[in-house]
**Student:** 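So that we are looking at the same thing, I have put the structure below in structure tokens.
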Amino acid sequence: MSFLKIFLTEATEAAAQQGGTLDGMIDMLDSLMLIMLFGFGIYGLYSAIRLRKEQLLFPNKFLYPGNCDPAACLDPGEFIDFIIPRALILSVALILLGGLLALNSFVLHIDSWLIDLGMIVMPVAVIVWYCFVQRKAAKNFW
């Protein structure tokens with residue numbers, strides 16, 4: 001038996017013993033996803049606005065590629081021009097996806113596996129795109 005099947009079986013039995021259902025756990029995961037989408041989107045928006053306003057590289061885990069120290073950037077001005085629009089695209093996309101998730105969770109209540117799959121795949125696709133952007137930035141500016 002696979003680990004996932006064992007986990008889901010035990011989670012379902014535990015929820016049934018407590019008088020709840022698996023739906024409660026799914027609702028909790030939807031809420032967590034909603035908080036993460038809005039949180040990362042707002043933090044990214046804040047980071048991009050601050051970078052545009054200050055025009056100086058500051059410590060930030062969101063803007064820079066992994067293991068790239070802002071002080072070691074070869075051309076900070078060009079990096080700022082490169083990363084701001086892409087960080088804004090990521091931030092706005094995450095906020096919009098959070099809004100769509102909230103709309104479906106609290107207003108529309110459409111229960112479809114396609115929507116559930118889309119709400120997982122679309123944020124992952126946007127984040128993977130941003131990882132490629134950061135990889136390109138690491139090659140060009142560090």
**Student:** Test question: given the 4.5 Å side-chain rule for I, L, V, M, F, W and Y, name all other residues clustered with Trp113, or answer none.
**Tutor:** Leu114, Leu117, Val121
**Student:** Which atom names give the shortest non-hydrogen contact between Glu78 and Asp75, and what distance separates them?
**Tutor:** CG-OD2, 2.8 Å
**Student:** List the steps and the verdict of side-chain contact (heavy atoms from CB on, under 4.5 Å) for Met33 and Leu29.
**Tutor:** CA-CA 6 Å; Met33 180 76 155; Leu29 291 173; over 6 Å; no
**Student:** side-chain contact (heavy atoms from CB on, under 4.5 Å) between Leu34 and Asp30: does it pass, once the steps are laid out?
**Tutor:** CA-CA 6 Å; Leu34 186 64; Asp30 282 347; over 6 Å; no
**Student:** Going through the distances and angles, do Leu90 and Tyr130 end up as a side-chain contact (heavy atoms from CB on, under 4.5 Å)?
**Tutor:** CA-CA 7 Å; Leu90 174 71; Tyr130 191 70; 3.5 Å; yes
**Student:** Please identify each residue that fulfils side chain to side chain donor-acceptor pair (under 3.5 Å) with Asp116, with sequence neighbours left out.
**Tutor:** none
**Student:** Return each pair, listed once, that meets side-chain hydrogen bond (donor to acceptor under 3.5 Å, both in side chains) where at least one residue sits in residues 91-108; pairs must be two or more places apart or across chains.
**Tutor:** none
**Student:** Would Met122 and Ile115 show up in the same hydrophobic cluster when neighbours are defined by side-chain heavy atoms closer than 4.5 Å?
**Tutor:** yes
**Student:** Mind checking what makes side chain to side chain donor-acceptor pair (under 3.5 Å) contact with Arg50, not counting sequence neighbours?
**Tutor:** Tyr46, Glu54
**Student:** Under 3.5 Å, which donor-acceptor pairs link side chains of residues 57-73 to any protein atom two or more places apart or in another chain?
**Tutor:**
residue : atom : partner : partner atom : Å
Asn60   : OD1  : Phe62   : N            : 2.6
Asn60   : OD1  : Leu63   : N            : 3.1
Asn60   : ND2  : Tyr43   : OH           : 3.4
Asn60   : ND2  : Ser47   : OG           : 2.8
Tyr64   : OH   : Phe58   : N            : 2.9
Tyr64   : OH   : Phe58   : O            : 2.6

**Student:** Within the structure provided, determine whether Phe40 and Leu94 are in side-chain contact (heavy-atom separation under 4.5 Å).
**Tutor:** yes
**Student:** Could you pull out all residues at least two apart from Arg135 that satisfy salt bridge (charged side-chain N to carboxylate O under 4.0 Å, His left out)?
**Tutor:** none
**Student:** Evaluate whether atom CZ of Phe82 has more than 12 neighbouring non-hydrogen atoms of other residues, nucleotides or ligands under 6.0 angstrom away.
**Tutor:** yes
**Student:** Do Leu97 and Leu103 sit in the same hydrophobic cluster, where Ile, Leu, Val, Met, Phe, Trp and Tyr count as joined when their side-chain heavy atoms come under 4.5 Å apart?
**Tutor:** yes
